[in-house]
Amino acid sequence: MSKAKKFYVVWDGHRPGVYDSWAKCQEQTRGYKAAKFKSFSSREEAEKAFRDPNSVSSEKKKTYYYVVWHGKEPGIYTDWNKVKETISGVKGAIYKTFGSKQLAEKAFNDHPDNYKDGSFKKTKDLTPEELEKIGNPIELSLAVDAACNNKGDFEYQGVWTFSKDNVFKQGPYKNGSNNIGEFLGLVHALAYLNKHKDPKMKEMPIYSDSRIAMGWVQSKKCRTKRVPSKDVADLIDRAEKWLWSNTYKNPILKWETKVWGEIPADFGRK
């Protein structure tokens, strides 16, 4: 999904400062013990926070739940320092971060292999009614996602939801956007499933975490405001022509990240 520009403050890292991309922030924090950093929506906010770290210390932070399956004291923690204590020196320690207490409790009583792939930080607690309404993802389905950097280089891929095995992967392309990649991924998935003779493939659900791209597919038009490169423009034109020239029965469903974690096709670069 398309995301607003963010700026990253690194207080404790290889080279403290304000950075304009997640990749640059990672360079300064990767491998640095007890690195301290945070993202901000504007450079002004970031520079103010860098000059005065105490100005952001009073902000309410989201509570994360850390599940430790294999450590000195397995359990569910909300304090990262305690997690570090219980996994320190433990060979093959197994742990994961969750945004939802409900999901963390479920995961702790489940096998860790079921949670080894993907991120669950964006999950959150919902009412029983909300959970019942959302339900569980349909395993026999195809999931698509895209990734894009701040230069407009993007790629997209589709995987089987139940196994996470790759079905297709395209790119990288230049001068595009994340939404363009999501749109092309959905059309690619539709074309892929509908070229098969098996009627089950022609009705298999497709998951996306981008409501924008889903809307573009429904309207059969990539409504991007970005001016893409010629090769990307050609891909968009071909995708739109496919939508106008073909019919399909595959339902395109919203992946509920807040309950299920990151979509299986996620590139894992957040």
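For the single chain, residues carry numbers from 1 onward in sequence order.
Proximity of a side-chain donor or acceptor of His188 to a complementary backbone N or O of Ala239 within less than 3.5 Å is not detected. The closest donor-acceptor contact from the side chain of Gln28 to the backbone of Arg15 lies under 3.5 Å. Checked by atom type and distance alone, the side chain of Glu240 pairs as donor or acceptor with a backbone atom of Cys222 at under 3.5 Å. Between the side chain of Trp260 and the backbone N or O of Trp255 there is no donor-acceptor pair closer than 3.5 Å.
The distance from the NZ atom of Lys124 to the OG atom of Ser100 is 10.5 Å, given to the nearest 0.5 Å. The line from CG of Asp113 to CD1 of Ile94 is 7.5 Å long, rounded to the nearest 0.5 Å. Atom NZ of residue Lys133 and atom OG1 of residue Thr127 lie 10.0 Å apart, to the nearest 0.5 angstrom. For the atom pair OG1 (Thr257) and CG (Asp209), the distance works out to 5.0 Å, reported to the nearest 0.5 Å. The NZ atom of Lys24 sits 9.5 Å away from the OH atom of Tyr19 when rounded to the nearest 0.5 Å. The NZ atom of Lys122 lies 13.5 Å from the CD atom of Glu256; values are rounded to the nearest 0.5 Å.
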Would Tyr248 and Val217 count as a side chain to side chain contact (heavy atoms under 4.5 Å, CB included) here? Give the steps. CA-CA 12 Å; Tyr248 58 88; Val217 170; 3.7 Å; yes
The test is side chain to side chain contact (heavy atoms under 4.5 Å, CB included); show your working for Leu235 and Gln170 and say whether it passes. CA-CA 11 Å; Leu235 288 173; Gln170 299 293 316; over 6 Å; no
Any chance you could lay out the side chain to side chain contact (heavy atoms under 4.5 Å, CB included) test for Glu27 and His14, step after step, and finish with the verdict? CA-CA 8 Å; Glu27 289 178 6; His14 299 296; over 6 Å; no
Given side chain to side chain contact (heavy atoms under 4.5 Å, CB included), test Asn179 with Thr224 step by step and report yes or no. CA-CA 8 Å; Asn179 282 328; Thr224 182; over 6 Å; no
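Within the cation-pi definition used here (under 6.0 Å to the ring centroid, within 45° of the axis), Lys5 qualifies as a partner of Phe7.
Around the CD atom of Glu73, the shell of radius 6.0 Å holds no more than 12 heavy atoms that belong to other residues, nucleotides or ligands. More than 12 heavy atoms of other residues, nucleotides or ligands shown are found within 6.0 angstrom of NZ on Lys220. Around CZ of Arg43, the count of heavy atoms belonging to other residues, nucleotides or ligands within 6.0 Å exceeds 12.
There is a path of hydrophobic side-chain contacts, each under 4.5 Å, that joins Leu140 to Leu190. Hydrophobic cluster membership is shared by Val232 and Leu243, with clusters built from Ile, Leu, Val, Met, Phe, Trp and Tyr side chains linked at under 4.5 angstrom. Residues Phe108 and Tyr95 are members of separate hydrophobic clusters, defined by side-chain heavy-atom contacts under 4.5 angstrom among Ile, Leu, Val, Met, Phe, Trp and Tyr. Tracing side-chain contacts under 4.5 Å through hydrophobic residues (I, L, V, M, F, W, Y), one never reaches Tyr32 starting from Phe50; they form parts of separate clusters. The same ILVMFWY cluster, assembled from side-chain heavy atoms under 4.5 Å apart, contains both Phe183 and Ile252.
Considering only heavy atoms from C-beta on, Trp69 stays 4.5 Å or farther from His111 through its side chain. Residues Trp22 and Ser39 form no side-chain contact, since every pair of their non-hydrogen atoms from C-beta on lies 4.5 Å or further apart. Residues Thr86 and Tyr77 have side chains in contact (heavy-atom distance under 4.5 Å, counting atoms from C-beta outward). Residues Glu139 and Thr161 have side chains not in contact (no heavy-atom distance under 4.5 Å, counting atoms from C-beta outward). Counting heavy atoms from C-beta on, the side chains of Glu262 and Phe267 never come closer than 4.5 Å. For the pair Val68/Ile87, a side-chain contact is recorded, criterion being any heavy-atom separation below 4.5 Å from C-beta on. The shortest side-chain heavy-atom distance between Glu105 and Ile76 falls under the 4.5 Å cut-off. Considering only heavy atoms from C-beta on, Leu142 stays 4.5 Å or farther from Tyr207 through its side chain.
For the pair Ala104 and Tyr65, the tightest heavy-atom approach, listed with the atom from each and the gap, is CB-CB, 3.7 Å. Residues Gly158 and Val144 come closest through the heavy atom pair CA-CG1, 4.1 Å. Listed here is the closest heavy atom pair of Leu253 and Ile138: CD1-CD1, 3.9 Å. Nearest heavy atom pair, residue Ser208 against residue Ile263, reads CA-CD1, 3.9 Å. Shortest non-hydrogen contact noted between Gly176 and Cys148 is O-SG, 4.4 Å. The nearest pair of heavy atoms linking Gly99 to Tyr64 is CA-CD2, 4.2 Å.
The aromatic rings of Phe98 and Tyr115 lie perpendicular to each other, with more than 60° between the two planes, well past the 30° mark. Between Tyr173 and Phe154, the ring planes lie tilted relative to each other; the angle falls in the 30° to 60° range.
Contacts of Tyr66 classified as ring pair (Phe, Tyr, Trp, His ring centres under 6.0 Å), with partners at least two apart in sequence or in another chain: Trp80. Every residue two or more places apart in sequence or in another chain was checked for a ring pair (Phe, Tyr, Trp, His ring centres under 6.0 Å) with Trp216, and none qualifies. With sequence neighbours excluded, no residue forms a side-chain contact (heavy atoms from CB on, under 4.5 Å) with Gln218. For Lys174, the side-chain contact (heavy atoms from CB on, under 4.5 Å) criterion is met by Asp153, not counting sequence neighbours.
Applying the salt bridge (charged side-chain N to carboxylate O under 4.0 Å, His left out) test to pairs two or more places apart or on separate chains, those with a residue in residues 223-235 are Lys230-Asp234. For the salt bridge (charged side-chain N to carboxylate O under 4.0 Å, His left out) condition, no pair includes a residue of residues 189-202, sequence neighbours left out.
Here the rule is side chain to side chain donor-acceptor pair (under 3.5 Å) with Asn194, and of Asn246, Thr247, Asn250 only Asn250 fits it.
Remark: Lys48 does not engage Asp52 in a salt bridge, criterion side-chain N to carboxylate O under 4.0 Å.
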